[in-house]
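Just so we're clear, the structure is a prediction, and the values are computed from it rather than from any experiment.
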Amino acid sequence: MQRLLDRRSIDVVLADGLGVEDVAALGDHAAHVVVLADESDAADLVLAGAAAVLPRDASAETIEAAIALAGQGLQLLPDLTLRALAGVET
């Protein structure tokens, strides 16, 4: 994968189960990273550079919307994660 990343400009990476270190490493090679992951990992993944963190059972429509938002420079993450990052109690 590293050889591919070194040779090609990548607009979006969609992956299931990437860790924080993986997302941070992809930040040098991909414009946007959309991750399917547990909500408990979402804050760390966003802070590492993920454009979107979605549940693993996200629909195709939700994934498509997340990719479109990422392409516009926006981020998509679970509501509870956004509140936690903003310091808002639920």
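Partner L54 forms a side chain to side chain contact (heavy atoms under 4.5 Å, CB included) with one of V34, D16, V35, L77 and no other, that one being V34.
Considering only heavy atoms from C-beta on, L85 comes within 4.5 Å of L47 through its side chain.
Note: the hydrophobic cluster containing L69 does not contain V46 (ILVMFWY, side chain heavy atoms under 4.5 Å, direct or indirect links). There is a path of hydrophobic side-chain contacts, each under 4.5 Å, that joins V33 to L82.
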Show your reasoning for whether side-chain contact (heavy atoms from CB on, under 4.5 Å) applies to V53 and T81.
CA-CA 10 Å; V53 179; T81 303; over 6 Å; no

Go through L26 and V23 one step at a time and tell me if the side-chain contact (heavy atoms from CB on, under 4.5 Å) criterion holds.
CA-CA 5 Å; L26 280 170; V23 171; 5.8 Å; no

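Atom-to-atom distance recorded for L45:CG and S40:OG is 9.0 Å, nearest 0.5 angstrom. Here the CG atom belonging to L36 is positioned 9.0 Å from the CG atom belonging to L18, to the nearest 0.5 angstrom.
Applying the side chain to side chain donor-acceptor pair (under 3.5 Å) test to D44 and every residue at least two apart in sequence or in another chain returns nothing.
In this structure, the side chain of H32 engages the main chain of A70 through a donor-acceptor pair within 3.5 Å. Of the possible polar contacts, one joining the Q75 side chain to the A50 backbone as a donor-acceptor pair under 3.5 Å is found.
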